[in-house]
Structure formats: structure tokens, C-alpha cells
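Worksheet: the structure to be examined is printed underneath.
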Amino acid sequence: MTSTLTDSAFLQACRGERPAHTPVWFMRQAGRSLPEYLAIREGTAMLDSCFRTDMVVEITMQPVRRHGVDAAIFFSDIVVPLKAIGVDLDIVPGTGPVVAEPIRSAAQLGQFRDVEPDDVRSITDAVTALVGELGSTPLIGFAGAPFTLASYLVEGGPSRDHRLTKQLMYSDPELWHALLGRMAAIAAQFLRLQVEAGASAIQLFDSWAGHLSLADYETYVKPHSTAVLESVADLGVPRIHFGVGTGELLHAMGDAGADVVGVDWRVPLDDAVRRIGPGKAVQGNLDPTTLFAPTEFVHARAAEIIEAGRAAEGHVFNLGHGVLPATDPDSLTRLVDFVHSYTPTAP
Ligand code: CP3
């Protein structure tokens with residue numbers, strides 16, 4: 001294994017290099033699949049725990065200690081910067097983010113002020129403490145992309161069809177772009193504060209972008225995600241851009257300014273590499289439900305993914321979306337060991 005942060009397998013792969021082993025981490029690796037997570041969260045609301053430095057540090061470290069993953073992702077949520085500037089919202093267990101007053105008019109945009117360092121001091125303190133504790137293991141900072149954040153704000157909560165979001169987008173483009181512009185500014189400020197506190201990569205989560213056609217993505221969303229990714233370009237850390245069901249958007253999501261494009265399980269990685277085009281690394285893409293199959297099946301699928309990933313300039317192994325809460329944590333540990341020990345046959 002490597003000894004310095006810059007030489008870590010994860011950062012090498014993000015830069016398009018070929019480290020000695022394929023690096024692996026899991027979206028939602030910090031969370032409900034771990035008994036130690038459930039124990040520490042007992043009695044503390046999700047959003048409260050995100051603002052407690054000690055809890056953020058401990059929960060972020062849990063999967064690193066248990067699984068030996070190649071990167072940590074700091075424990076938080078995409079709605080945390082909105083909460084930090086005073087937006088009235090909560091995370092409801094089993095549902096997700098719920099907003100008290102869904103966005104319907106321009107008059108409501110005044111609440112989306114800039115994120116100041118003091119708003120998120122307990123969080124950046126956690127990032128700094130984590131970087132010390134993690135040593136040569138990189139810490140990934142993250143933010144929600146403008147579209148995914150706006151979807152929660154307009155719908156008032158999770159949505160199957162994003163009907164109200166698209167209604168606003170199509171019927172009032174001026175308000176739409178003003179809202180996404182504010183979300184882009186907030187995401188950019190939150191990411192910058194995390195990197196300044198020591199995060200060595202960032203991931204922009206546009207989880208629901210796959211609900212858009214390519215044309216709508218280009219017109220209504222991409223300029224704002226591009227603004228976020230460009231705003232942190234000067235910091236020199238790898239930028240990962242991820243969404244679910246984004247097979248038709250992969251090229252555009254790379255073009256928005258990503259160094260690494262996250263791919264869900266629907267598109268094989270070699271095909272994804274062709275869609276994305278040259279000059280980018282990829283991250284993915286084992287279907288999270290695979291982890292409920294026998295170990296030999298999981299590892300056969302993982303081997304296929306590593307082979308397909310050889311088509312890319314760099315490959316970070318991950319799931320195609322987050323770890324499901326019912327996942328047996330031991331299956332994740334076994335998968336990390338398998339990915340680390342697997343020697344690809346592809347050149
Ligand atoms: O990846 C990690 O381990 C870091 C932590 C992380 C969380 N949320 C913790 C969390 C990250 C990166 C997120 C991002 C996030 N949050 C996204 C983008 C990633 C994705 O999954 O597509 C989205 C869409 C959200 C919004 C959100 N927050 C949802 C849909 C939920 C689940 C609601 C539920 O209870 O089913 C949350 C809550 C949440 N965020 C939990 C965790 C660990 C569960 C809280 C709990 O323990 O009760």
C-alpha cells in the first residue's frame with residue numbers, strides 16, 4: 001500500500017494514472033449498514049449529528065477502519081449547507097429531506113444567502129480533524145448539485161417524477177435559473193470551505209439528473225453544474241461528478257468540468273468511457289443490490305467491472321449508487337479485499 005496522500009491509489013486513479021491496486025470506496029459507506037453507526041446515532045437527529053464535530057469525525061472513520069477503503073467521504077448530507085444558512089428543512093427518517101416552504105416564487109429566494117465560514121465551522125473543524133486522523137487516506141468532500149438541491153426545494157421533499165420541479169423549469173425559466181444560480185453559489189462555497197479545511201477531492205452529487213433529457217439537461221442544468229465545478233478548479237483537487245440513470249448524460253456531465261465521471265450500474269464501464277470521451281477517469285459501478293447475492297457472484301461481477309474499467313484512463317471502483325441499509329457489512333469488507341487483490345488481465 002502507498003505511504004503518502006498524493007501517491008494514494010485513489011488520487012492516482014483520479015489523475016488518470018494506474019496505481020498498484022484498483023482503489024475502492026462506497027457511496028453511503030458511512031451510514032445505516034453499520035451497527036456502530038446505528039449505535040452512535042441513537043438519540044441524535046440526522047441533521048444535528050451532521051453539525052457535531054465529534055460525530056462527523058467518528059462516523060466518517062467507521063467504514064475506513066472496518067473495510068479498509070481507499071478514501072473516506074465526510075459524513076454529512078447534501079442539504080446541510082442549506083440548513084447552515086437557516087433554510088427551514090429536516091431529514092425525515094425513511095423519507096429524506098423535507099422542506100417546510102417549497103419554492104414557488106422569486107420572493108422566496110432571499111433566504112439563500114452565501115455560506116460564510118462561521119455557518120459551517122463545526123463541519124470544517126471536523127474536516128481538519130479527519131485529515132489529521134486519516135493520514136495517507138484521502139478525504140472526499142461533497143455537495144449536492146444545483147438540480148438535485150432544487151428538486152428537494154421545489155417539490156418540498158423526495159419526488160418520483162419531479163413534476164413540480166419540471167413545471168417550474170418549463171414555465172418560469174427566469175425563476176428557475178435564479179434558483180439554480182443560488183444553489184450553484186452555495187454548493188461552490190461549501191466545497192471550497194471543505195477543500196480549504198483539507199479535503200483532497202470533491203464529489204458533486206446530481207443524483208436525480210437522470211430524470212432529464214439531454215436537451216433539458218444542457219439548457220436548464222449544465223451551466224449551473226459547470227459553474228460549481230469551475231469555481232473549485234483553482235484548488236487543484238480531483239472533481240468527481242455523479243448521477244443516477246445518467247447514461248445519456250455521461251458526456252455532458254464530464255464536459256461540465258469533471259475529472260472523474262461517476263457511472264451507475266446501467267452502463268458497462270467500457271461503454272461509459274466511449275460515451276464520456278478522452279481525458280477523464282471513471283468511478284463505479286457495481287449494482288448495490290448485487291451485494292445480496294453469493295460472494296462468488298459479487299466477485300465475478302466486480303472482476304468484470306475492473307476489466308471494463310481498464311478502458312478508462314483511471315478507474316475508481318465504487319457501487320453504482322449508495323450502499324443499501326440492509327447490506328451485510330462483511331460483504332463490503334470482502335469486496336474491498338477482492339478489488340485490492342484482483343490483477344486485471346486487460347492491458
Ligand atoms: O456517502 C456517505 O457515506 C456520506 C454521507 C452521505 C449522506 N447523504 C448521509 C445520509 C452523503 C454523501 C449523502 C448525500 C445525499 N443525501 C444524496 C446524494 C447521494 C445519493 O444517495 O444519491 C441525496 C440525494 C441525499 C438526500 C437524502 N438524505 C436521502 C435520500 C436520505 C435517505 C432518507 C432515508 O431515511 O431513507 C438522506 C438521509 C441520510 N443521509 C442518511 C445518511 C446516513 C440516513 C439518515 C439516518 O441514518 O437515518
Side-chain angles (χ1 to χ4, degrees), residues 24-52 55-67 69 71-83 89-99 123 126-127 130 139-153 155-160 162 165 183 187 190-191 194 199 201-211 225 240-246 262-265 283-285 288 316 318-327 329 332:
V24 49
W25 69 279
F26 304 116
M27 292 183 277
R28 294 287 177 97
Q29 64 189 16
R32 289 172 294 180
S33 63
L34 301 183
E36 58 269 36
Y37 169 81
L38 296 173
I40 193 176
R41 277 287 321 285
E42 185 79 47
T44 310
M46 172 65 190
L47 276 174
D48 291 340
S49 63
C50 293
F51 286 90
R52 285 209 16 207
M55 286 185 75
V56 173
V57 172
E58 172 56 24
I59 295 171
T60 303
M61 290 305 297
Q62 285 176 346
V64 179
R65 283 189 212 117
R66 184 191 264 263
H67 304 308
V69 282
I73 181 157
F74 101 103
F75 175 74
S76 193
D77 195 81
I78 56 168
V79 296
V80 161
L82 298 173
K83 183 74 181 175
L89 56 81
D90 199 4
I91 294 180
V92 177
T95 299
V98 173
V99 177
I123 294 169
V127 170
L130 277 164
L139 178 69
I140 303 169
F142 73 88
F147 175 77
T148 292
L149 288 175
S151 168
Y152 284 110
L153 290 170
E155 304 285 339
S159 167
R160 223 176 256 283
H162 304 270
T165 311
M183 291 307 112
F190 191 45
L191 289 174
Q194 293 171 56
I202 61 99
Q203 177 155 328
L204 189 64
F205 280 96
D206 209 350
S207 302
W208 313 139
H211 287 264
S225 297
I240 310 168
H241 196 185
F242 168 78
V244 183
T246 49
V263 182
D264 85 355
W265 64 90
Q283 177 174 279
N285 70 344
V316 176
N318 206 314
L319 304 180
H321 198 186
V323 173
L324 294 166
T327 307
L332 291 169

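In each ligand, atom 1 is the first atom listed, and ligand 1 is the first ligand listed.
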Open item on the list: Please give me the minimum heavy-atom distance between A187 and G144, naming the atom from each residue.
Closed with: CB-O, 3.6 Å

Open item on the list: One residue to check: Y152. Relative to ligand 1, which of side chain, backbone, both or neither has a non-hydrogen atom less than 4.0 Å away?
Closed with: side chain

TODO: Name the orientation class of the two ring planes belonging to F26 and H67 (parallel below 30°, tilted from 30 to 60°, perpendicular beyond 60°).
DONE: perpendicular

Open item on the list: With rounding to the nearest 0.5 angstrom, report the CD1 to CG distance, I202 to L139.
Closed with: 12.0 Å

TODO: Decide side-chain contact (heavy atoms from CB on, under 4.5 Å) for F75 and Q62; before the verdict, give the C-alpha distance in whole Å, the side-chain angles of both, and the deciding distance to 0.1 Å.
DONE: CA-CA 10 Å; F75 175 74; Q62 285 176 346; over 6 Å; no

Task: Among G94, S33, P158, G157, closest by any non-hydrogen atom to atom 35 (O) of ligand 1 - done: G94

TODO: Distance to 0.1 Å, residue and atom name: give those for the protein heavy atom nearest to atom 23 (C) of ligand 1.
DONE: I78 CD1, 3.6 Å

Open item on the list: Applying the side-chain contact (heavy atoms from CB on, under 4.5 Å) criterion to Q283, which one of V263, V24, V316 satisfies it?
Closed with: V316

Task: Which of the ligand 1 atoms, numbered from 1, are nearer than 4.0 Å to a heavy atom of P97 - done: 26 (C), 27 (C), 28 (N), 29 (C)

Task: Considering all heavy atoms, the nearest P288-H321 contact - done: CG-O, 3.8 Å

TODO: Heavy atoms only: give me the nearest L34-Q29 pair and the separation to one decimal.
DONE: CD1-O, 3.7 Å

Task: Taking atom 7 (C) of ligand 1 as the reference point, the nearest protein heavy atom with its distance - done: S76 O, 3.1 Å

Open item on the list: Taking M55's backbone N and O only, do any of them form a donor-acceptor pair with S49's side chain (distance below 3.5 Å, no angle check)?
Closed with: no

Open item on the list: Nearest 0.5 Å, please: how far is CZ in R160 from CD in E155?
Closed with: 12.5 Å

TODO: May I ask you to list the atoms of ligand 1 that are less than 4.0 angstrom from any heavy atom of F205?
DONE: 12 (C), 18 (C), 19 (C)

Open item on the list: Can you tell me if Q203 contacts ligand 1 (heavy atom of the residue under 4.0 Å from the ligand)?
Closed with: no

Open item on the list: Y37 and side-chain contact (heavy atoms from CB on, under 4.5 Å): which single residue from R32, R66, E58, E42 fits?
Closed with: R32

Task: Sub-4.0 Å heavy-atom approach of G322 to ligand 1 - done: no

Task: atom 47 (O) of ligand 1: nearest protein contact (heavy atom, Å) - done: Y37 OH, 2.6 Å

TODO: Could you tell me if any non-hydrogen atom of W208 lies under 4.0 Å from any atom of ligand 1?
DONE: yes

Task: Region of P93 that comes within reach of ligand 1 [heavy atoms, distance under 4.0 Å] - done: backbone

Task: Spatial distance of atom CG (D90) from atom CG (D48) [nearest 0.5 Å] - done: 8.0 Å

- [ ] Give the residue and atom name of whichever protein heavy atom lies nearest to atom 45 (C) of ligand 1, and the separation in Å to one decimal.
- [x] M46 SD, 3.4 Å

Task: Residue part near ligand 1, for P325, under 4.0 Å between non-hydrogen atoms - done: neither

Task: Nearest-contact summary for atom 8 (N) of ligand 1 - protein heavy atom, Å - done: D77 OD1, 3.1 Å

TODO: Give a yes or no on whether a salt bridge exists between R65 and E36, defined as a side-chain N under 4.0 angstrom from a carboxylate O.
DONE: no

Task: Part of M27 with heavy atoms under 4.0 Å of ligand 1, whether side chain, backbone, both or neither - done: backbone

- [ ] Could you list which atoms of ligand 1 come closer than 4.0 Å to a heavy atom of I91?
- [x] 38 (C)

Open item on the list: Checking a contact table here: which protein heavy atom is nearest atom 46 (C) of ligand 1, and how many Å away?
Closed with: R41 NH1, 3.3 Å

- [ ] Mark up the atoms of ligand 1 that fall under 4.0 Å of a heavy atom belonging to H321, in ascending order.
- [x] 20 (C), 21 (O), 22 (O)

Task: Distance from atom 3 (O) of ligand 1 to nearest protein heavy atom, with residue and atom - done: A30 N, 2.9 Å

Task: Closest protein heavy atom (residue, atom, distance) for atom 18 (C) of ligand 1 - done: S207 OG, 3.1 Å

